[in-house]
Amino acid sequence: MFSIATDPLDVSRLAGNLPHPAGGAVVTFEGRVRNHNDGLSVTGLEYQAYLPLAQSEGSRILREAQARLPIIDCRCAHRVGVLTVGDIAVWVGVVSAHRADAFSACRYIIDEVKKRVPIWKKEFLESGEAYWVACHQTDSPGPPS
């Protein structure tokens, strides 16, 4: 299950859906808003998404992870809207029989989400400036107008 949320992510609820009797490993990842980037002080972020495509592509990534790796289940949730330092922006959870497979799947999911899901990030700086962060995989400076 891939989801886009406007409210803070409830990690306990998200992780609570993962337990399985055959699962010997549960690996989770939390991507949090940090207070710096490229030597600049960051006070917050804003995420925007093209929701229909984001939902579709995020779900596709989770299906791919399940097809490529021997995992039992996987979940991912991403926030949109304005977030402050310390907020969880993205969460990934994977359950598998073995830890290596769970770690690999978690890494695959977050890497693919960052590359392929149309979610744009704007950074708010301590100086008062704000700018859209260019995605490393594309020349797009931000969301379409």
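Because the structure is predicted, anything quoted here is derived from the model rather than measured.
The structure places CZ of Arg75 at 11.0 Å from CD1 of Ile109, a figure rounded to the nearest 0.5 Å. Interatomic distance, NE2 of His78 versus OG of Ser3, reported as 11.0 Å (0.5 Å rounding). To the nearest 0.5 angstrom, Leu40 atom CG is 8.0 Å from Glu129 atom CD. The CZ atom of Arg60 sits 4.5 Å away from atom OG of Ser56, with the distance rounded to the nearest 0.5 Å. The CG atom of Asn37 lies 5.0 Å from the OH atom of Tyr131; values are rounded to the nearest 0.5 Å. Rounded to the nearest 0.5 Å, atoms CZ (Arg32) and CG (Leu9) are 10.0 Å apart.
Checking Asp101 against Ser104 by side-chain atom types alone, no donor-acceptor pair falls below 3.5 Å.
Thr28 places no side-chain N or O within donor-acceptor distance of the main-chain N or O of Trp91, the cut-off being under 3.5 Å. Between the His20 side chain and the Ala22 main chain, a donor and an acceptor come within less than 3.5 Å of each other.
Applying the side-chain contact (heavy atoms from CB on, under 4.5 Å) criterion to Glu126, with sequence neighbours excluded, gives Ser41, Thr43.
Arg79 and Val82 get closest at one heavy-atom pair: NH2-O, 3.8 Å. Considering every non-hydrogen atom in both Cys106 and Phe29, the closest pair reads SG-CB, 3.7 Å. Across all their heavy atoms, Ala105 and Val94 have their closest contact at CB-CG1, 3.8 Å. Contact detail for Gln66 and Ile72: the closest heavy-atom pair is NE2-O, 3.7 Å. Minimum interatomic distance between Ala89 and Leu83 (heavy atoms only, all atoms of both residues): CA-CD2, 3.7 Å. In terms of heavy atoms, His36 sits closest to Arg34 at O-NE, 2.9 Å.
With respect to the salt-bridge test (charged N to carboxylate O, under 4.0 angstrom), the residues Arg107 and Asp111 qualify. Look at Glu64 and Arg116 and you find a salt bridge, because one of the NZ, NE, NH1 or NH2 atoms lies within 4.0 Å of a carboxylate O, short of that distance.
With contacts defined as side-chain heavy-atom distances shorter than 4.5 Å, the pair Ile71/Val95 does not qualify. No side-chain heavy atom of Ile61 sits under 4.5 Å from any side-chain heavy atom of Cys76. For the pair Lys122 and Phe124, the minimum side-chain heavy-atom distance is below 4.5 Å.
Using a 4.5 Å cut-off between side-chain heavy atoms of Ile, Leu, Val, Met, Phe, Trp and Tyr, with links allowed through other members, Val113 and Leu62 fall into the same hydrophobic cluster. Leu18 and Leu69 fall into different hydrophobic clusters, where Ile, Leu, Val, Met, Phe, Trp and Tyr residues are linked whenever their side-chain heavy atoms come under 4.5 Å apart, directly or through other members. Hydrophobic cluster membership is shared by Ile110 and Val117, with clusters built from Ile, Leu, Val, Met, Phe, Trp and Tyr side chains linked at under 4.5 angstrom. Hydrophobic clustering (ILVMFWY, side-chain heavy atoms < 4.5 Å, transitive): Leu45 and Val92 are in one cluster.
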Starting from the C-alpha separation in whole Å, work towards a yes-or-no answer on side-chain contact (heavy atoms from CB on, under 4.5 Å) for Trp132 and Gln48.
CA-CA 10 Å; Trp132 290 102; Gln48 290 185 17; 3.6 Å; yes
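A side chain to side chain contact (heavy atoms under 4.5 Å, CB included) with Tyr47 is found for exactly one of Ile4, Val90, Ile119, namely Ile119.
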